[in-house]
Amino acid sequence: MLMSENLSLSTHPEYVAWHAGTHRLQYLNKCIEHYYSTPLIPDISTADTMYNEWYLQVGHSAAANVMHAFQCSWLMRVNRALDMACGHGRVLRHLVNLFPDAEFHACDLDREGVDFCQETFGIKGIYSVEDLTKVDFVTKYDLIWVGSLFTHTSQEITKKWLSHLTQFLTETGIMIATFHGRWSETVAAQAPYINPQAWSEILSEYRATGYGYRDYERSENHQYIQGSYGISLSSASAIAKIVEAVEGVRIFSYQERAWADHQDVMVIGKPAHNMAWK
């Protein structure tokens, strides 16, 4: 028996958004189009220690990871974003092109790097302190990029700092963070991250617990860092366990070697993993 009237999707919120051109993925597509059609700001600081032959590719890979993170999250728009451990803008120069209408903040212990980013990219600079939990960002972010910060912190510091940063996420905000995963054991055999004795101890701890760490020696460290800072090596399961202990967030994805075919990338954010169905 035929129904007298057909059903229609015309009033469904997803359909309405697509029809109006305001769907979250249409917004992302416009951002991607802008990114690939707009030249990057070319200025590079002479103090940028990250500058090498892979500089552009590493920044582009970060942007690609952010695009992926947006797709697998609940994020609707990026109105405000934070580059945590911004350095001299290796990644930031890509992100400001990807989200041209967003307000950007950039934070680092390296004050010269923060100043360069503020002057070059027109963002708000934030000077960090050695204990990141003492930094009050005051505002909330839709997106926080944390590139190669937790690759240099002990397990206890990673737990504290990761949890602290999630407090500054909006209701659907995401954090994209990178880690030295199991591939890094192979990388270190070809291009050592740290002195041999420390690496041996890191490997031993990693194989026993899933997370290994040792501080740099003074000669290996940045002059502007006085406290604990070195090299970490972590398994995906160890990082997942850390995130599972953080209230109010969920794991959206974990990809091995996703950043420049080197560091692992995890996307976490809100709403919480235990948010009830409506």
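Using a cut-off of 4.0 Å between Lys/Arg side-chain N and Asp/Glu carboxylate O, Glu201 and Arg214 are scored as salt-bridged. Salt-bridge check for Arg182 with Glu256: passed, with a basic side-chain N closer than 4.0 Å to an acidic carboxylate O.
Between the Asn65 side chain and the Ala258 main chain, a donor and an acceptor come within less than 3.5 Å of each other. The backbone N or O of Pro196 lies less than 3.5 Å from no partner atom in the side chain of Ser200, so there is not a single donor-acceptor pair. Although no hydrogens or angles enter the test, the distance criterion places a donor-acceptor pair under 3.5 Å between the side chain of Asn97 and the main chain of Thr38. A donor-acceptor pair under 3.5 Å is absent between the side-chain atoms of Ser163 and the main chain of Val246, judged by distance alone. Counting only distance, with no hydrogens or angles, the side chain of Glu185 and the backbone of Leu203 share no donor-acceptor pair below 3.5 Å. Counting only distance, with no hydrogens or angles, the side chain of Thr120 and the backbone of Cys117 share no donor-acceptor pair below 3.5 Å. Between the side chain of His164 and the backbone N or O of Leu132, at least one donor-acceptor pair lies under 3.5 Å. Although no hydrogens or angles enter the test, the distance criterion places no donor-acceptor pair under 3.5 Å between the side chain of Arg90 and the main chain of Asp48. Judged by distance alone, with hydrogens and angles left aside, the side-chain atoms of Asp108 form a donor-acceptor pair with the main-chain N or O of Gly87 at under 3.5 Å. Looking at Tyr213, its side chain does come within 3.5 Å of a backbone N or O of Gly230 through a donor-acceptor pair.
The two residues Leu75 and Thr172 come nearest to each other via the heavy atoms CD1-O, 3.4 Å. Between Phe116 and Asp43 the shortest heavy-atom distance is CZ-O, 3.6 Å. Taking all atoms of both residues into account, the shortest heavy-atom contact from Phe150 to Thr178 is CB-O, 4.0 Å. Heavy atoms only, all atoms of each residue included: Ala63 and Leu95 are closest at CA-CD2, 4.4 Å. Contact between Arg93 and His88 at its shortest, heavy atoms only, is NH2-O, 3.9 Å. Shortest non-hydrogen contact noted between Gln263 and Ser148 is NE2-OG, 3.2 Å.
Ring centroids of Trp199 and Tyr193 are separated by less than 6.0 Å, placing the two rings close together. For Phe168 and Tyr141, the ring centers sit 6.0 Å or farther from each other. Taking the six-membered ring wherever Trp is involved, the centroid distance between the rings of Tyr206 and Tyr211 does not fall below 6.0 Å.
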Evaluate Met84 against Ser128 for side chain to side chain contact (heavy atoms under 4.5 Å, CB included), listing each step before the verdict. CA-CA 9 Å; Met84 182 61 233; Ser128 190; 4.2 Å; yes
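With no hydrogens or angles considered, a side-chain donor-acceptor pair links His60 and Tyr36 at under 3.5 Å. Side-chain N/O atoms of Tyr127 and Asp115 include a donor and acceptor closer than 3.5 Å. Between the side chains of Ser237 and Ser235, at least one donor N or O lies within less than 3.5 Å of an accepting N or O. Between the side chains of Asp215 and Tyr229, no donor N or O sits under 3.5 Å from an acceptor N or O.
In this structure, Trp18 places its CH2 atom where more than 12 heavy-atom neighbours from other residues, nucleotides or ligands lie under 6.0 Å away. Atom CD of Glu171 sits in a sparse spot, with 12 or fewer heavy atoms from other residues, nucleotides or ligands closer than 6.0 Å.
Between the OG1 atom in Thr22 and the NE2 atom in His19 there is a gap of 10.5 Å [rounded to 0.5 Å]. Note that CD1 of Ile32 and OG of Ser37 are 11.5 Å apart. Values are rounded to the nearest 0.5 Å.
A cation-pi contact, defined as under 6.0 Å to the ring centre and within 45° of the axis, is absent between Arg24 and Trp74. Relative to the ring axis of Tyr27, Arg77 places its NZ or CZ within 45° and under 6.0 Å from the centre.
The cluster map of Ile, Leu, Val, Met, Phe, Trp and Tyr, joined by side-chain heavy atoms under 4.5 Å apart, puts Tyr35 and Ile123 in the same cluster. Under the 4.5 Å side-chain contact rule for hydrophobic residues, Trp183 and Tyr254 do not share a cluster.
Every pair passing salt bridge (charged side-chain N to carboxylate O under 4.0 Å, His left out) that includes a residue from residues 140-163 is listed here, sequence neighbours excluded: Glu156-Lys159.
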